[in-house]
Amino acid sequence: MAYTDFTPAGLTQQFDLDFQAARLFSGYLPQAPSAWLVETLQRAQRIGYVSEKARSERLVSPVLTELNELSQQQFTFHSGVNLDVDAAAGLRGECDFVLSLSPIRDFIVAPIFCITEAKKQDLEAGTVQCAAQLVGAQRLNELAHRPVPVLYGCSTTGVDWRFLTLVGQRLTLDHDVYSIRELPILLGVMQHIVHQAANAVA
């Protein structure tokens with residue numbers, strides 16, 4: 001059993017999660033992308049991104065790198081790392097991207113505040129997997145005595161981005177799906193997430 005094996009019903013039964021849906025974000029300020037990000041994504045379009053790995057490297061990673069700069073390096077992000085918290089509960093496996101408010105870059109250290117899962121096409125499958133990973137991140141933060149009140153997740157194809165939150169046992173899926181084609185809005189939402197998380201643990 002691993003993060004990829006969970007279903008919504010399994011998450012509800014095993015962790016007593018309460019799935020909800022709502023509009024998660026308001027009051028954020030759109031952020032203009034840098035010339036570097038615009039050119040990087042244009043190059044990705046020309047090169048192509050047919051696999052999940054290509055989407056992670058050519059679309060998702062540049063957006064997260066840009067976010068890190070916009071946020072003045074308030075967080076670190078780790079790519080393709082295992083988040084093994086409780087193997088018996090199935091809370092183990094690889095995460096595409098893990099964002100932490102720790103300055104340590106060598107390995108994952110609490111507090112984790114966001115996990116992003118890249119999928120080739122299937123946002124729904126990525127959302128369920130990300131939900132399980134958020135439960136693992138919540139456990140890791142608690143074990144390290146660094147709880148984060150609101151954990152954020154994202155399932156993305158690199159083009160479309162769907163966010164979710166975990167607060168206690170309440171898992172809320174965003175009504176809205178954001179697009180890389182509207183970069184200022186996407187970056188504004190993501191910077192809002194960073195600020196909210198940083199302020200919550202300050």
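Taking both residues in full, the closest heavy atoms of Gln31 and Leu29 are given as NE2-O, 3.3 Å, listed atom of the first, atom of the second, then distance. Leu164 and Cys130 get closest at one heavy-atom pair: CD2-SG, 4.2 Å. Closest non-hydrogen pair, Ile104 versus Thr76, comes out as O-OG1, 3.6 Å. Among all heavy-atom pairs drawn from Val194 and Ser71, the shortest one is CG1-OG, 3.7 Å. For the pair Pro30 and Ile185, the tightest heavy-atom approach, listed with the atom from each and the gap, is CB-N, 4.4 Å. Between Tyr3 and Ala132, the closest heavy-atom pair is CE2-O, 3.4 Å.
Atom CG of Asp84 and atom CG of Leu140 lie 10.5 Å apart (nearest 0.5 Å). The line from OG1 of Thr165 to CG of Leu24 is 5.0 Å long, rounded to the nearest 0.5 Å. Put simply, CG on Leu67 and CD on Gln74 are 9.5 Å apart, with the number rounded to the nearest 0.5 Å. Atom CG of residue Leu70 and atom OG of residue Ser34 lie 7.5 Å apart, to the nearest 0.5 angstrom. Distance check, rounded to the nearest 0.5 Å: CG of Leu166 to OH of Tyr152 gives 11.5 Å. Note: Leu134 CG to Gln129 CD = 11.0 Å, rounded to the nearest 0.5 Å.
Taking 4.5 Å as the limit, every side-chain heavy atom of Asp176 sits out of range of all side-chain heavy atoms of Val189. The shortest side-chain heavy-atom distance between Ile115 and Leu83 falls under the 4.5 Å cut-off. Arg92 is not listed as a side-chain neighbour of Asn82, based on a closest heavy-atom distance of 4.5 Å or more. Tyr49 places a side-chain heavy atom less than 4.5 Å from the side chain of Val159. Counting heavy atoms from C-beta on, the side chains of Val150 and Gln196 never come closer than 4.5 Å. Thr172 places none of its side-chain heavy atoms less than 4.5 Å from the side chain of Val167. Residues Val201 and Val148 form a side-chain contact, since some pair of their non-hydrogen atoms from C-beta on lies under 4.5 Å apart.
By the neighbour-count criterion of 12 heavy atoms within 6.0 Å, atom CD of Glu39 is densely surrounded, having more than that number from other residues, nucleotides or ligands. At most 12 heavy atoms of other shown residues, nucleotides or ligands fall within 6.0 angstrom of atom CZ in Arg146. Under a cut-off of 6.0 angstrom, the local environment of CD in Gln42 is crowded, with over 12 non-hydrogen atoms contributed by other residues, nucleotides or ligands. Counting non-hydrogen atoms of neighbouring residues, nucleotides and ligands closer than 6.0 angstrom, the CZ atom of Arg46 exceeds 12 such neighbours.
A salt bridge is absent between Glu57 and Arg43; no separation between the charged side-chain nitrogens and carboxylate oxygens falls under 4.0 Å. Here Arg162 does not pair with Asp174 in a salt bridge; the nearest charged N to carboxylate O distance is not below 4.0 Å.
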(request) Apply the test side chain to side chain contact (heavy atoms under 4.5 Å, CB included) to residues Leu143 and Val85: give CA-CA distance (whole Å), side-chain angles for both, the deciding distance (0.1 Å), then the verdict. (result) CA-CA 9 Å; Leu143 289 170; Val85 181; 4.2 Å; yes

(request) Show your reasoning for whether side chain to side chain contact (heavy atoms under 4.5 Å, CB included) applies to Tyr28 and Ile193. (result) CA-CA 9 Å; Tyr28 60 85; Ile193 289 172; over 6 Å; no

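Ring-plane geometry between Phe97 and Phe77 is classed as tilted, the angle between the planes lying from 30 to 60 degrees on a 0 to 90 degree scale. Between Phe15 and Phe6, the angle of the ring planes lies from 30° to 60°, which puts this pair in the tilted group.
Leu123 and Ile180 sit in two unconnected hydrophobic clusters of ILVMFWY residues. Membership requires side-chain heavy atoms under 4.5 Å apart, directly or through other members.
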